[in-house]
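Presented below is the structure to which this report refers.
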Amino acid sequence: MAMGDKYFQYTQICPVSFGPGAVEEIADKVRQFGASRVALIYDAGVAASGMADRVIKLLEDAGLVVAVFDDVKADPTDASVEAIYDTVAKGAGSELVVGLGGGSVLDSAKMLGLLIKGSGPLRPHMLSAGMNPPLPIAPVVLLPTTSGTGSEVSCVAVVSHHEDHVKDAIFASASYVILDPELTVSAPPHVTAFAGFDALAHSLESFTSASADPMSKLCAFEAMRLVVENLKAAWENGSDLEARTNLAFASNLAGLAFNNTGLHIGHTFGHELGGTFNLPHGMAASYAIPTIIRFTAKHDPERAAEVARAFGVATAEEAAQKALDLMHALGIKKFSENGITVEAAQAIAEDAIAHNVFYHNTVVPVSVEEFKAIIAEIITTYDEG
Ligand SMILES: [Fe+2]
């Protein structure tokens, strides 16, 4: 779309303090919301890294009262978040939530903000029940420790139904983000890879979305460029602060982009695949990257040429191959290694479409039969590439 073809709208969720050392601002930011009782949530990995102790000290040294929940589970459900509220925040009278972690912690923190403000239970307000208006939410300050989900700047929290683990979402946004790349240096290589490919999938799917606009494309292009240029360095040497900083910025830009455009094939397939076969989100969501580049080359060659430019190569085909090589090099398992056949993956196609609002966001419409063919192509491309 050329600038001025039609009007477009873009949303920027909240202020972001970005850069190494930004975590030192945490107590000031909490105080700006007039809160003195804080619920701080994180998971076992963050606890082991020592980062949680640092944040607790920063908050308590400023005279804030901190109630801690240190065992946030991956892929939160409505029940898992309501349990955090019942066991920690409710009794402590928490007024504000601080989420320190990866996507699951950030999403749990946003939903905890809803519960503190009396907007629970969560289940009736999920998007599968209809596009309800945003609910009242307590202030939520997020400190990402991985570079990938973009959850800190998205207007939804991803949540699974506790009964059947179907992935859903609920409107919930952060109030303030402290994006300190130093908090990401302790992420182990496989987490760095999964998160980085998630950010690459977000930016590629946003850039090649039917809803892309000049603002989202600006963010998505730069996010793709930064991930391709920095992911391997951060994976090889987690202490490479320059690569970590570039990835943290990329992840945030990708989040800004997809929050405005939505996603499409990769996350429609990836969400269902991850839920069905118990794969990490970043691995499941990344598989479609090479196929999406080829799909775009076929249906919108000009946009595919821009993707190639972001990947630092001359053609879309070279970009697809570059993505494949990087995914194999950084440990994204083949489907065969995960025990997933083409037939088994195609069998989830209808559910994937039914469970995901992003499916219709492709540059040209994709029928269910075409989606099944794309799934076969994703698998053969990756396992043979
Ligand atoms: Fe994702």
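All ligand and atom numbering here is 1-based and tracks the order in the structure.
- Salt bridge absent: E377 and R294 never bring a charged side-chain N and a carboxylate O closer than 4.0 Å.
- The closest side-chain donor-acceptor pair between Q32 and D28, if any, does not fall under 3.5 angstrom.
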Would you sort out whether R225 and E222 count as a salt bridge (Lys or Arg N to Asp or Glu O under 4.0 Å), showing the intermediate values? CA-CA 5 Å; R225 190 185 75 74; E222 185 64 0; 2.9 Å; yes
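- When you scan the N, O or S atoms of H202 for the one nearest the Fe ion (ligand 1), you land on NE2.
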K372/E350 under salt bridge (Lys or Arg N to Asp or Glu O under 4.0 Å): CA gap, chis, key distance, verdict: CA-CA 9 Å; K372 286 183 179 174; E350 274 98 352; 3.4 Å; yes
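- For D198, the N/O/S atom at the shortest distance from the Fe ion (ligand 1) is named OD1.
- Minimum-distance N/O/S atom of H281 relative to the Fe ion (ligand 1): NE2.
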